[in-house]
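Below you'll find the structure, written out as structure tokens, and then a few comments.
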Amino acid sequence: MENETADIKKKEGFNGQKAIVLPRSIISKDCTTNPLLSGMYITDIGFYPKAKFHYRERDHGLDQYILLYCVDGKGEVKIEKNAYALSTGNFIIIPAEKSHAYASDKNNPWTIYWAHFKGQLVKPLVRLLLKRQKGYKGFVQFNESRIKLFDEIYSNLERGYSTDNLCYVNISFSHFLSSFIFDEKFNYSSKKSMANPIDISIEFMQKNLHATFTLEDIAKSVNLSASHFSALFKEQTGFAPIKYFNHIKIQKACQYLQFTDLRIKEISATLGIDDPYYFSRMFSKIMGVSPQDYKVKREMLRETKFL
């Protein structure tokens, strides 16, 4: 029975899962050097629903901190020699550089929101957490606004890695993390943001990743001239519109490579790129490795790092 259980332990691959791994080039170029980001920044983030047989073990820990937040089911986390049972409402911070392991309960698998993060402000925040929670583990009442905040962080990361997006996401993540430390002070306040043509155009891109558009096509979706739209888009995001669109396509390609068995040719076609060689060149330029090498490296990383 022990061998049978070991054979079906899974690091990922759960129906409905989602995850984003930020390119390390973006982290080193933007997050560690920008004073607005270097205090605390996400490196990986995701959601695993009903993650049956989910299991990770890292004898030497990671150079990041890990937040696990259980909203359903249960599991167990070990940090060095201490074991912590997690069930609905529990969260835990796993410190950097400490050996750890965690596993979903076999009969009642957990549903977890998770993030890897690091930065200069993380240690003092974790010390504050330890002081308030009397340990790495805590409990919070379920609050829909906390989940909405996580979803907002995730969806903005899906929109690309502009400086504005990275600043917004990581400042929001500080708020998200503080909601666990100061649960009693955390209140949701709904805000209606004014519709902005750039936001609308990015949403248009996200909904049409399968298509190929010219600058004029995208500008037309927000009723602006191509020249005015291009200048406005670059001012707000730091990227030209088509380059931004390609970044979002490649981000989606990374998810296909991580979580599906689609061939590179099929991924290219799914993203509206008829020439798989052109797709591979674009992928390599943005991610720094070819699609095939990315898939192989992700498999290797899962053995040592990926949640």
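All residue numbers in this chain count up from 1 along the given sequence.
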- request: Give the intermediate values and the outcome of ring-ring contact (aromatic ring centres under 6.0 Å, His included) for residues Y102 and Y55.
  value: CA-CA 6 Å; Y102 43 87; Y55 177 82; 8.0 Å; no
query: When you measure from the side chain of D44 to the backbone N and O of V21, does any donor-acceptor pair fall under 3.5 Å?
result: no
message: Less than 4.5 Å apart, side chain to side chain, heavy atoms only: is that true for F186 and V140?
response: no
Within 6.0 angstrom of Y277 OH, more than 12 heavy atoms from elsewhere: no
query: Between the side chain of D151 and the main-chain N/O of K148, is any donor-acceptor distance below 3.5 Å?
result: no
- prompt: Is the NZ or CZ atom of K285 both under 6.0 Å from the centre of the six-membered ring of F283 and within 45° of that ring's axis?
  reply: no
task: Starting from the C-alpha separation in whole Å, work towards a yes-or-no answer on salt bridge (charged side-chain N to carboxylate O under 4.0 Å, His left out) for D63 and R58.
output: CA-CA 11 Å; D63 65 346; R58 302 182 181 95; over 6 Å; no
- prompt: Between atom CG of L62 and atom CD1 of I94, what is the distance when rounded to the nearest 0.5 Å?
  reply: 8.5 Å
message: Measuring only between side-chain heavy atoms, which start at C-beta, is N208 closer than 4.5 Å to F213?
response: yes
message: One pair to check against salt bridge (charged side-chain N to carboxylate O under 4.0 Å, His left out): K52 and D105. What are the steps and the verdict?
response: CA-CA 7 Å; K52 193 170 185 179; D105 185 82; over 6 Å; no
query: Considering residues at least two apart in sequence or located in another chain, which fulfil the side-chain hydrogen bond (donor to acceptor under 3.5 Å, both in side chains) criterion with Y65?
result: none
L157 vs L22 side-chain heavy atoms within contact, under 4.5 Å: yes
- request: Considering non-hydrogen atoms only, spot the tightest contact between S284 and P291 and give its length.
  value: OG-CD, 4.2 Å
- prompt: Should F239 and K234 count as side-chain neighbours, where that means a heavy-atom distance under 4.5 Å?
  reply: no
query: Can you tell me how far the CZ atom of F47 sits from the CZ atom of F150, to the nearest 0.5 Å?
result: 8.0 Å
field: Steps toward side chain to side chain donor-acceptor pair (under 3.5 Å) verdict (Y256, E266)
entry: CA-CA 10 Å; Y256 283 135; E266 293 170 324; over 6 Å; no
task: Let me see the working for S162 and D164 under side chain to side chain donor-acceptor pair (under 3.5 Å), right down to the final yes or no.
output: CA-CA 5 Å; S162 69; D164 281 358; 5.6 Å; no
query: For K98, does its backbone N or O pair with a side-chain atom of H100 as donor and acceptor, under 3.5 Å?
result: yes
- line: Minimal heavy-atom distance between F233 and I202, with the atoms involved, is CE1-CG1, 3.9 Å
Atom of K265, atom of P276 and distance for their closest heavy-atom approach: CA-CB, 4.2 Å
query: Hey, mind stepping through Q236 and N196 against side chain to side chain donor-acceptor pair (under 3.5 Å) and telling me if it holds?
result: CA-CA 11 Å; Q236 291 192 29; N196 161 322; 3.2 Å; yes
- prompt: Hey, would you say the Y48 and H54 ring centroids sit under 6.0 Å apart?
  reply: yes
query: Is there side-chain contact between L86 and E76, with heavy atoms separated by less than 4.5 Å?
result: no
field: Pairs flagged by ring pair (Phe, Tyr, Trp, His ring centres under 6.0 Å) wherever residues 119-147 is involved - sequence neighbours left out
entry: none
task: List in chain and number order the residues that pass salt bridge (Lys or Arg N to Asp or Glu O under 4.0 Å) with D275, two or more places apart in sequence or in another chain; answer none if no residue qualifies.
output: none
field: L128 with F176, same ILVMFWY side-chain cluster at under 4.5 Å
entry: yes
field: Smallest separation among heavy atoms of I218 and S201, with atom names
entry: CG2-CB, 4.1 Å
task: Answer whether the closest heavy-atom distance between the side chains of S38 and T32 falls below 4.5 Å.
output: no
query: Is atom CZ of R132 surrounded by more than 12 heavy atoms (other residues, nucleotides or ligands) closer than 6.0 Å?
result: yes
- prompt: Rounded to the nearest 0.5 Å, how far apart are CD1 of I250 and CD of Q255?
  reply: 12.0 Å
field: CG on L68 to CZ on R56, rounded to 0.5 Å
entry: 12.0 Å
- prompt: Of all heavy-atom pairs between N90 and A85, which one has the smallest distance, and what is that distance?
  reply: OD1-O, 3.8 Å
Pairwise side-chain contact, Y69 with I147, heavy-atom cut-off 4.5 Å (strictly under): yes
statement: For K137 and Q133, the nearest pair of non-hydrogen atoms, with its separation, is O-CB, 3.7 Å
field: Carboxylate-amine/guanidinium contact D183 R146, below 4.0 Å
entry: yes
query: Do you know which of I20, I171, I45, N170 makes side chain to side chain contact (heavy atoms under 4.5 Å, CB included) with I153?
result: I45
message: Could you check whether any side-chain heavy atom of P241 comes within less than 4.5 Å of a side-chain heavy atom of F229, counting everything from C-beta outward?
response: yes
task: Give, for atom CD of E57 and atom OG of S99, the distance between the pair rounded to the nearest 0.5 Å.
output: 9.0 Å
message: Under 6.0 Å from the ring centre and within 45 degrees of the ring axis: does the NZ or CZ of K243 meet both conditions for the six-membered ring of F245?
response: no
Shared hydrophobic cluster, L121 / Y41 (ILVMFWY, side-chain heavy atoms < 4.5 Å): no
- request: Kindly determine whether F117 and F173 satisfy ring-ring contact (aromatic ring centres under 6.0 Å, His included), including the steps that lead there.
  value: CA-CA 9 Å; F117 58 100; F173 182 72; 5.2 Å; yes
query: Are the side chain of K18 and the backbone of G46 linked by a donor-acceptor contact shorter than 3.5 Å?
result: no
task: Measure the spacing between OG of S155 and CG of N165 and express it to the nearest 0.5 Å.
output: 9.0 Å
